Each structure stands twice: as C-alpha cells, then as structure tokens.
**Student:** 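One structure coming up, written as structure tokens, with questions to follow.
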Amino acid sequence: MALSWNEIKDRALKFSKEWADTSNEEADAKPFLVEFFNVFGITSKRVSTFEHKVKKLDDRDGYIDLLWKGTILIEMKSRGKNLDKAFGQAKDYLHGLKEHELPKYILISDFENFRLYDLEETKTIEFKLNDLVNNVQHFGYLLGYQKKVYKEQDPANIKAAELMGKLHDRLEEIGYTGHPLEVYLVRLLFCLFAEDTTIFEKQQFQEYIEQRTNIDGSDLAAKLQELFQVLNTPKDKRYKNIDEQLAEFPYVNGKLFEENLPTASFDSKMRQALLDCTYIDWSMISPAIFGSMFQSVMNPKERRNLGAHYTSETNILKLIKPLFLDELWKEFEAVKGNKTKLAHFHRKLSTLKFLDPACGCGNFLVITYRELRFLELEILREQYKKQIATSIESILWINVDQFGGIEFEEFPARIAEVAMWLIDHQMNMLVSSEFGQYFIRLPLKKSAKIIHGDALELDWELIFSKNDLSYIIGNPPFIGSKIMTSKQRDQIVRQFDNIQGSGLLDYVTGWYIKSVKFIQRTPIKAAFVSTNSIVQGEQTSILWATLMQRFNVKIHFAHRTFKWSNEAKSNAAVYCVIIGFATFDTTNKSIFEYENISGEPHEIKVKNINPYLIDYKDLFILKRRKPICDIPEISFGSMPNDGGNFIFSDEQKEEFLKLEPEAKKFLKPLLSAHEFLNGLERWCLWLKEASPKEILELKHVKGRVEKVKEHRMSSNRTATQKLAAFPTLFGEDRQPSNRFVLIPRHSSENRKFIPMGFFSEDYIASDSCLFIENANLYHLGVLSSTMHMAWVKTICGRIKSDYRYSNELVYNNFPFPEKPAIKQIKAIENAAQKILEIRAQFPDNSLADLYDPLTMPPALIKAHNELDKAVDLAYRSQAFTSEANRMEVLFGLYEKYTADLFTRSSLKVISSRK
C-alpha cells in the first residue's frame, strides 16, 4: 500500500534530520539513496542498479551512482562539489544507455543540496536537504501521482500501437487467432498500463519477463499463463509456494483474467517485441486515444492509416459540453457555496447513466467519465479543502458502472471495458495526489457494461432501463447509403418502418431512429457525430420529417459542418455535424457556426434549429418536378449509352475525319461537366438529323452505329436492350433547340461559386450537366450569386464534399427574388454580363483555374462582388451578415411561394426578358 503525503512528509523530516550532520567522511551514496527512496515507501530492490556501469563518449567506463531504468538517474557528489559539473557528467552517461533505459529525470545531490532536472519538460527544481519536506511532491512521478498531459496523435501512442501490431501479427502467423488472440492482447495491454500507473509496482511486469523467462521465448507463454492465473486469484487463495515474484502481483479480478485461454507460443523475437512494449511509458498514453489506434493495428488494411479512425478528444468535447457538461458545471457554480445543495448535486452525478450504442474502443465513454471525475474532484475540493477525515473510497461516488456501450466487434468492446478501468485508475491517482491518501480500486468489482452485438438489433434495455438512462452519446458508423450492404440497408428500412425513401438513408440514421424510439416519453437527451449528409440533400426531409412529425423530436444544439481530420498517414477528411436532440423542447438552443470549417466554432443562441441546422421553423424541402417560381424549367443533358462509340477526343476526331471527311457535319462539340470546367474539348456523332442513306454511305459512321447496337443488345438491362432499336441516337436525347445555360452537376466545394455558362443549341449537353433552355442573363446572374450558393450548400447533396447540384431538389425549390423591380433586374443582368466579359479576357484559362480560390483573378472577384450586391438588393435592402441569415430569408420566401402554388397566376416573380 502506498504512503499518504503526510506519511511521506513525516519520513522526509526524519531523513533530513538524520543526514543533516553527516560529515563528508561518513557520507556514503548507497545508504543515503536507500533511505531516500524509503521516504517514498520504495524498497531498494525496486530500484534497478547501484553503480551501473556504462560506456561514456570517450569509450571509457563510467559508473552511475543509481539508475532506475526509464525513470531516474542519480549522481551523488561530496558536499560542496560543483553540481553543474556533476550534471554534465550525468548527461554524458546517457549516451551509453539503451533507449528504454533513458531516464525522465536526473537528480544531482551533494548530500546537502538537491537539483532535480525534468528532461521531458526541461524544468529544474532546486532545494536543500532541510527543505525536502516541502518538495516531496516533485517526486510524485516515483509513485505514479503526476498529472499526465495527453496529446492526440502523440508519437508515443502510434509507436505503442505499432509495437503491439508486430506482436499481434506474429501470434496470428503461428495460428493463435480469433477470440483467444483478442483477449490475450487485451490482457497484455492491461499489464503494460498497470506497471506504469501504480496498479502494479513500477516495471514489475517488465522485470518478470526479463528475469523469469528464457531469452529464446520458449517458456514465455507458460509464464504468462501463470501470471494471468495469479492476477485472477485472491492473495489468500494462492498457492503458498508460488514464485516470490509472481506472489507480489495484486489480485485484479474484473473477469479480465477469468477465462481459460489456449496456451500461446513465443520465440525470441516475439519475447523481444513484448519487452519493447514494456519499455514505453504507458502512463503517458491516453486510453481514449490509444484504444482506436490499437484497433486499427488489428486490421492490416487500416494499419497504414493508423490513427485515422479515432474520435479526437476535441470532437468528443464538442458533443458532451453542450449536451450536459456545461450545464453541470453551471449547476456546480450555483450550489458550491451551499454544503447541503452541493452534497445533493454530488449524489445526482452518481446517478447519471450514459450509453454509447456504437462505442468502438470507448473513446466517448472514457472522456465523458474523465470529465465527470474532474467535476467530482472540484466538489471534493469544496467539501473537504484538502483535509479528508475518512477514506477516499467513501467519498468517490462516480464509478464506471454508470456507463454502457454496444459494439459490433468483440475486440474493441473488450478494449473499451479495459480503457474504462484504466481511466478510472488514473483519476483515482489524481484524487490520491490531491488529498495525500493513496486509493486504488483493486480488486476490480464494477465495470462498464459493454455488450458485443449489433446495436440496431439489440434491445438497449439490456444495458440500462430507459427509466434510469440520462444521455445517449456517440459516433455511429460513417457508411453512406450507396456503399451499405444489403443487410445494412434492410436494417435501416426496417427501423424506419418501410417509409417511402428509407432505402436512400445513410447507415447512421438507424441510430437516430432507434434512439428516438427508445427515448419516447423520457427526459433522456441524445447527441451524435454524423456525416453532414443527413442535413443536406434528399435524406434530410426523409429523416427529419419522420423524427419531427412522428416522434416530436426537437434539436437542442448543433455544430454545423466542420472538417473532421486527424494527423494520420493518409489524412482523408470527413465533413461532419454534431446534433443534440430530445423528444421535448427547450428554450436553450445553440448553433455552433464555423467561419472556417477547419477552425473553431462560435456559438449562436437561437430560437429554433431546423433540419438544415438553420435558425428557422422546422420545414422539409421535398423534390419537385416543376420550379416554385415563374422561371424556365431545368433538364438533364443527353446520355449516350453508346459504349463510347459516339464519343471522340480531339485526336480521335481528326483521325476519324481522315478516314471519313464527309462525316464532319455530324460531329458536334459535346459538353460534359469535366470538359466544361477544365477547358477541354470532346466531340460526338450526332446523327439525329442524318438520313438512312447518309449513314449507309458513310462506312465508318455505319460501323460505329453497329457497335452501339451491339453494346445495347449485350446489356443485362431490359431498358438498354430496347434502345438497340434506335442505334443512331443517344440513349436519352434531351438536347435543347435554343440557347441554354449549362450547369455542371458536380463541382468542387473549394469554389465559391459553381461556374455556369451560355451555349447555343449546336453544343450537345451530356448527362453530367443540367441545362436551362431559354434562360437569360437575369437567371444566370441570380444562379451565379452568393445567395444561390447559400441555398446550394444547405440543400444540395454531396459526393464526398463536392456539390451535387439537383434539378428537383435545388433548382426547382430555389426562391428567386419576389417581384424585383425592372431596375433591379437590369442591374443583375449587367453584372452577369460583366462576369462573362471578364472570363472571356482569359481565353487560355479554364473555368477551374478562374474559380480556384488561389488563382481567381481580382477583376473576376470584383465582378462577382458587384453581382452579389445587385442580387442581394433584389431580395431586401438590408445587408446580409451571414449565410444563415441568407437562409432565413430564402426559407421565408420558399414557404410563401409553396403556399401560393395553387394560385401561380398571382405570382409573377420575374419577367421573361431575353
């Protein structure tokens, strides 16, 4: 049992008094250091070596007075000697040590003066022998008391995961696989943490392997099996004659070491791999971060992207703070001055229950538990002012059994369980340090309830009754609708009771609907991190109309789109939102807005949060076939469905015309989104006006037609086979007969505007584009404005993060200005014309170049600014201050226009100017 700080201080006073009057002749480093460590309750056999031999830089032998490998190096000198010189000597010794032996601290002393160097934080503490009593806290690292600072993606986390990966691979190679391998590695993980966080003695596990197993690894598996059995056996029930080193290990329980596993097999390399793991300081590794990286290690496909999939602490806090943590801290501040109310508040914290139904390795649970324990520590500080008359155990009311999770894979589920024990222990060490009374929860009696299973199939009451549960949190799987398995899609359709459109929903929506059904008629609040697809595009109205209209869901807070990325080797960005909700309303609603999606948000207090995360009443934008305004209709371009036989590059066109120059009149420029944006050219055979005689006389044209027919006949689709009857035509012909505006269906999110342009009917618009026949400069101007782009960003769907412009969802629902004055229309037309003229000044530049944020010409930026002024004034005279502000106006117009759809004749939004 470790000593309390008061006991340590008593020993420090005695030690200082005994050694104060020792003469130089009587001063002996070894007994001095033995007694020094005894001050902290550390026996000399726990300290590695006295007079440790090491090779110095000049290749001569040196002798370190004391080396505790990986912890501290101590160099003693006679009274009055130069301590700076002694420190230099100590640093020279470091070059002769192996990496895992390198200390974190160097202590220099001449029996009277002490100088402690923190090599990691480059700090120095200096004091005299008689002042040791006031400086014992600086040696808390010897007892595992020091507060750790965890860094996301810290190299130590990655190194640890990679070393465990090597061990995993070798065990798998020899045939030790599946469930036994997963449990085995979780046990090893616990032991590695335990010896660096005071659950075990420092380096106890490492020394057991080094001193009790053969170098060739032949007996390592058997020795580990013995250890696991000992860890699962109370001390009073162990054999009386077991190995002395084994007997020193504590009783752990918690069912972690209960199951009998098949005996593994090790060789010398595997033994060294395990030892390499012990050389890392696991106390510096966060259970929240490491768990997910450890999980990645188990999957070779994910290992190259190590660290990409964990939920960062920053993102977890974005969810739990507005969901409950901020309120709890506010309540604490309100009651901390009242002893009775503070005790009631403490009791309330101990009754809260948390469920993560997609918990992975437990990141959300670990961070949430840690934050609650920080709050509990503040309560104890207020209650006891660092003076506790009773045991710490009796005043720590928050425990891991208040937390539950569901995880589809067994391995991360077991990791989550262990991670909760480890964070609990680390928080217990923090409290021990605070109040000077050592406390450890061993044997383990309580655990987080982590169930291995499918959250969309399991009854969540198996973890907590809905009457007891307080909050649902997490980060359900990011699996898009188009890449879901058929089983996953069936699950979603079933969860949504087969409503129309449920097959289009992403997998994450299953957790939303199941949560909402679970929390009906309860005060439970929930919040999830999700991809932003659930608040954009067609999914939005399907999902949220169900949740809000059928289950009375109200959104309490939301983080609008932000970029989720980690410093992984392959950093693939995901665009996320966080949505907090319940089945009751609140007046305390907040939207967290990101001016820079990779930056920090600012909070906006709002009256309501609708499905598009805008401060406006709840509404749902549905697909419609006709525009809500009096504007030209929009259409898809034509689809060849030709097997590539009608399509030509510039080079292919020239080669073809050499063979058949008479075909020139049938070759027309083909506009796809890619060619339009990047200034490229493609051509197509357009035989709509060709007579049968002309086709038959053109041998190579005829050959192309025959190949198109063959391509369509060989298709598995009946509709395509039917098109074989019309082999001279595009599969779908929607070509306009007049001038049109072309809109690419997909455009980069990096562009501030979607580039659009006018073309004559001689240009063939392909199906990667949309076109508006008979559109004029006014239409082009409004569609090229920031006002329209606000609508696009909010309403349209995405492919990854790029815009996916929709005719039925975006264009047909977009509210043009209401009854603009002739003067306003003219101003928009002039501004749009100016943009076209400036673009024409750069004939050698593609639209992609012109609209790249880095290279967009200043003149073009200015022209768009002028267009925005003209368009904004057509909507209202007051300036718009934010994108959300624009959406409020657009939603208002949308509601008005759709309410008037049956009296369209009274709504003349614009004139048909040409």
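Keep in mind that this is a model prediction, so the values were computed, not measured.
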**Student:** So, Phe354 versus Phe324, ring centres under 6.0 angstrom or not?
**Tutor:**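 Yes, ring centres under 6.0 Å apart.
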**Student:** Would you confirm whether Arg734, through its side chain, and Ser635, through its main-chain N or O, come within 3.5 Å as a donor-acceptor pair?
**Tutor:**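 Not confirmed, Arg734 side chain does not pair with Ser635 backbone.
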**Student:** Side chains of Arg751 and Ser747: is there a donor and an acceptor less than 3.5 Å apart?
**Tutor:**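 Short answer, yes.
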**Student:** Looking at Arg712 and Leu723, would you say the former's side chain and the latter's main chain have a donor-acceptor pair under 3.5 Å?
**Tutor:**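 Answer holds: yes.
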**Student:** What's the separation between atom CG in Leu181 and atom CG in Leu167, rounded to the nearest 0.5 Å?
**Tutor:**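 Result: 8.5 Å between the selected atoms.
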**Student:** Rounded to the nearest 0.5 Å, what's the gap from CG on Leu317 to CD on Glu371? Could you check?
**Tutor:**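 Between atom CG of Leu317 and atom CD of Glu371 there are 5.5 Å.
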**Student:** Do any N or O atoms from the side chain of Glu407 and from the backbone of Glu409 form a donor-acceptor pair under 3.5 angstrom?
**Tutor:**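 Yes, Glu407 side chain to Glu409 backbone: donor-acceptor pair under 3.5 Å.
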**Student:** Does Arg745 reach the main-chain N or O of Ser768 with its side chain, forming a donor-acceptor pair under 3.5 Å?
**Tutor:**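 No: the side chain of Arg745 does not pair with the backbone of Ser768.
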**Student:** Are Lys318 and Glu313 close enough for a salt bridge, meaning some N to O gap below 4.0 Å?
**Tutor:**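 No, no charged N to carboxylate O under 4.0 Å.
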**Student:** Please name all residues satisfying side-chain contact (heavy atoms from CB on, under 4.5 Å) with Asn807, sequence neighbours left out, ordered by chain then number.
**Tutor:**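 Listed in chain order: Ile634, Phe636, Leu770.
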**Student:** So, for Ile472 and Pro357, which heavy atoms are closest and what is the spacing to 0.1 Å?
**Tutor:**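 That would be CG2-CD, 3.8 Å.
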**Student:** Quick one: side chain to side chain donor-acceptor pair (under 3.5 Å) partners of Lys623, sequence neighbours excluded?
**Tutor:**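 Residues passing side chain to side chain donor-acceptor pair (under 3.5 Å) with Lys623: none at all.
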**Student:** Are Glu417 and Lys449 close enough for a salt bridge, meaning some N to O gap below 4.0 Å?
**Tutor:**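 Salt bridge absent between Glu417 and Lys449.
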**Student:** Are Lys525 and Tyr471 in a cation-pi contact, defined as NZ or CZ under 6.0 Å from the six-membered ring centre and within 45° of the axis?
**Tutor:**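 No, Lys525 does not lie over the aromatic ring of Tyr471.
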**Student:** Under 4.5 Å between any side-chain heavy atoms of Pro601 and Phe562, yes or no?
**Tutor:**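 A side-chain contact is absent here, since even the closest heavy-atom pair is not under 4.5 Å.
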**Student:** State the CG-CD1 distance between Asn315 and Ile367, to the nearest 0.5 angstrom.
**Tutor:**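 Atom-to-atom, Asn315:CG and Ile367:CD1 are 11.5 Å apart.
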**Student:** So Ile555 and Met548, do their side chains get closer than 4.5 Å, heavy atoms only?
**Tutor:**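 A side-chain contact under 4.5 Å exists here.
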**Student:** Rounded to the nearest 0.5 Å, what's the gap from CD1 on Ile316 to CG on Leu325? Could you check?
**Tutor:**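 It comes to 12.5 Å.
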**Student:** Do Phe584 and His556 make the cut of ring centroids closer than 6.0 angstrom?
**Tutor:**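 Distance test on ring centres: under 6.0 Å, yes.
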**Student:** Does CG in Asn260 sit with more than 12 non-hydrogen atoms of other residues, nucleotides or ligands closer than 6.0 Å?
**Tutor:**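 Not more than 12 within 6.0 Å, no.
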**Student:** Would you check if Lys722 and Thr718 make a side-chain contact, meaning some heavy-atom pair closer than 4.5 Å?
**Tutor:**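 With C-beta onward as the side chain, the pair touches.
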**Student:** How long is the span from the NZ atom in Lys353 to the CD1 atom in Ile524, to the nearest 0.5 Å?
**Tutor:**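 Reported value, rounded in 0.5 Å steps: 12.0 Å.
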**Student:** Taking only residues two or more places apart in sequence or in another chain, which ones pass side-chain contact (heavy atoms from CB on, under 4.5 Å) with Ser533?
**Tutor:**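 Partners of Ser533 under the side-chain contact (heavy atoms from CB on, under 4.5 Å) test: Asp506, Thr531, Gln539.
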**Student:** Closer than 3.5 angstrom, by distance alone: can the side chain of Gln402 be matched with the main-chain N or O of Asn399 as a donor-acceptor pair?
**Tutor:**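 Yes, the answer is positive, given that a donor and an acceptor are paired below the 3.5 Å cut-off.
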**Student:** Which residues pass the ring-ring contact (aromatic ring centres under 6.0 Å, His included) test with Phe464, not counting sequence neighbours?
**Tutor:**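 Counting only residues at least two positions away or on another chain, Phe464 forms no ring-ring contact (aromatic ring centres under 6.0 Å, His included).
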**Student:** Minimum heavy-atom separation for Leu192 to Met164, with atom names?
**Tutor:**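 Nearest heavy atoms, Leu192 then Met164: CD1-SD, 3.8 Å.
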**Student:** What is the minimum heavy-atom distance between Asn813 and Tyr894, and which atoms define it?
**Tutor:**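 Closest heavy-atom pair between Asn813 and Tyr894: OD1-CE1, 3.4 Å.
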**Student:** Could you check whether any side-chain N or O of Trp791 sits under 3.5 Å from a backbone N or O of Val810, counting only pairs where one atom can act as donor and the other as acceptor?
**Tutor:**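 Looks like yes, one N/O pair under 3.5 Å.
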**Student:** Taking all atoms of both residues into account, what is the closest heavy-atom pair of Ile621 and Phe891, and its distance?
**Tutor:**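 Heavy atoms only, the tightest pair is CD1-CE2, 4.1 Å.
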**Student:** Minimum heavy-atom separation for Val400 and Ser447, please, with both atom names.
**Tutor:**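 For Val400 versus Ser447, the nearest heavy atoms are CG2-CA, 3.6 Å.
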**Student:** Using atom types as modelled and distance alone, determine if a side-chain donor or acceptor of Thr720 lies under 3.5 Å from a backbone N or O of Ser715.
**Tutor:**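 Such a contact is absent between Thr720 side chain and Ser715 backbone.
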**Student:** Output yes when Glu808 and Arg624 qualify as a salt bridge under the 4.0 Å nitrogen-oxygen rule, no when they do not.
**Tutor:**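 No, no charged N to carboxylate O under 4.0 Å.
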**Student:** Using the ring-ring contact (aromatic ring centres under 6.0 Å, His included) criterion, which residues pair with Phe478? Sequence neighbours excluded.
**Tutor:**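 Result, ring-ring contact (aromatic ring centres under 6.0 Å, His included) vs Phe478: Trp564.
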**Student:** Is there a donor-acceptor contact under 3.5 Å linking the side chains of Gln536 and Tyr575?
**Tutor:**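 Short answer, no.
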**Student:** Who are the side chain to side chain donor-acceptor pair (under 3.5 Å) partners of Asp618, not counting sequence neighbours?
**Tutor:**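 Testing Asp618 for side chain to side chain donor-acceptor pair (under 3.5 Å), a comparison that skips the adjacent residues, returns Lys554, Asn608.
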**Student:** Any side-chain heavy atom of Val553 sitting closer than 4.5 Å to one from Thr546?
**Tutor:**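 A side-chain contact under 4.5 Å is absent here.
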**Student:** Could you list the residues that satisfy ring-ring contact (aromatic ring centres under 6.0 Å, His included) with His788, not counting sequence neighbours?
**Tutor:**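 With sequence neighbours excluded, His788 shows a ring-ring contact (aromatic ring centres under 6.0 Å, His included) to Tyr805, Phe814, given in chain and number order.
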**Student:** With sequence neighbours excluded, tell me which residues meet ring-ring contact (aromatic ring centres under 6.0 Å, His included) with Phe557.
**Tutor:**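 Result, ring-ring contact (aromatic ring centres under 6.0 Å, His included) vs Phe557: none returned.
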**Student:** Are there over 12 heavy-atom neighbours, none belonging to Gln500, within less than 6.0 Å of that residue's CD?
**Tutor:**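 For Gln500, atom CD is not crowded (no more than 12 foreign heavy atoms under 6.0 Å).
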**Student:** Would you please classify the geometry between the Phe581 ring and the Phe528 ring as parallel, tilted or perpendicular, with 30° and 60° separating the classes?
**Tutor:**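 The rings of Phe528 and Phe581 sit tilted, inter-plane angle from 30° to 60°.
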**Student:** Going by side-chain contact (heavy atoms from CB on, under 4.5 Å), name the residues that satisfy it together with Glu182, two or more places apart in sequence or in a different chain.
**Tutor:**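 Listed in chain order: Glu410, Phe411.
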**Student:** Treating Trp421 as the side-chain partner and Ala448 as the backbone partner, does any N or O pair qualify as donor plus acceptor under 3.5 Å?
**Tutor:**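 No; zero donor-acceptor contacts below 3.5 Å.
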**Student:** When you measure from the side chain of Ser481 to the backbone of Leu504, do you find a donor-acceptor pair of N or O atoms at a distance under 3.5 Å?
**Tutor:**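 Yes: the side chain of Ser481 pairs with the backbone of Leu504.
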**Student:** Please report the closest heavy-atom contact between Ser590 and Val606, naming both atoms and the distance.
**Tutor:**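 Looks like N-CG2, 4.2 Å.
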**Student:** About how many Å separate CG of Leu188 and CZ of Phe193, when rounded to the nearest 0.5 Å?
**Tutor:**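 Here the rounded value is 13.0 Å.
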**Student:** I'd like to know if the side chain of His559 pairs up with that of Glu603 as donor and acceptor (distance under 3.5 Å, no hydrogens or angles considered).
**Tutor:**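 No, Glu603 and His559 have no side-chain donor paired with an acceptor closer than 3.5 Å.
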**Student:** Can you list everything that forms a salt bridge (charged side-chain N to carboxylate O under 4.0 Å, His left out) with Asp326? Sequence neighbours excluded, please.
**Tutor:**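 Once residues adjacent in sequence are excluded, the partners of Asp326 under the salt bridge (charged side-chain N to carboxylate O under 4.0 Å, His left out) criterion are Lys321.
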**Student:** Among pairs that include at least one residue of residues 511-522, which meet side-chain hydrogen bond (donor to acceptor under 3.5 Å, both in side chains), considering only residues two or more places apart or in two chains?
**Tutor:**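 Qualifying pairs: Tyr512-Ser530.
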**Student:** Can you check whether Asn498's main-chain N or O pairs, donor with acceptor, with Ser502's side chain at less than 3.5 Å?
**Tutor:**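 Not confirmed, Ser502 side chain does not pair with Asn498 backbone.
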**Student:** When you check the gap from the basic side-chain N to the acidic O, do Glu173 and Arg170 get nearer than 4.0 Å?
**Tutor:**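 Yes, charged N to carboxylate O under 4.0 Å.
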**Student:** Run the side-chain contact (heavy atoms from CB on, under 4.5 Å) test against Ile492 and tell me which residues pass, sequence neighbours left out.
**Tutor:**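 Ile492 satisfies side-chain contact (heavy atoms from CB on, under 4.5 Å) with Leu456, Met484, Phe496, Leu505, Tyr507, Thr509 only.
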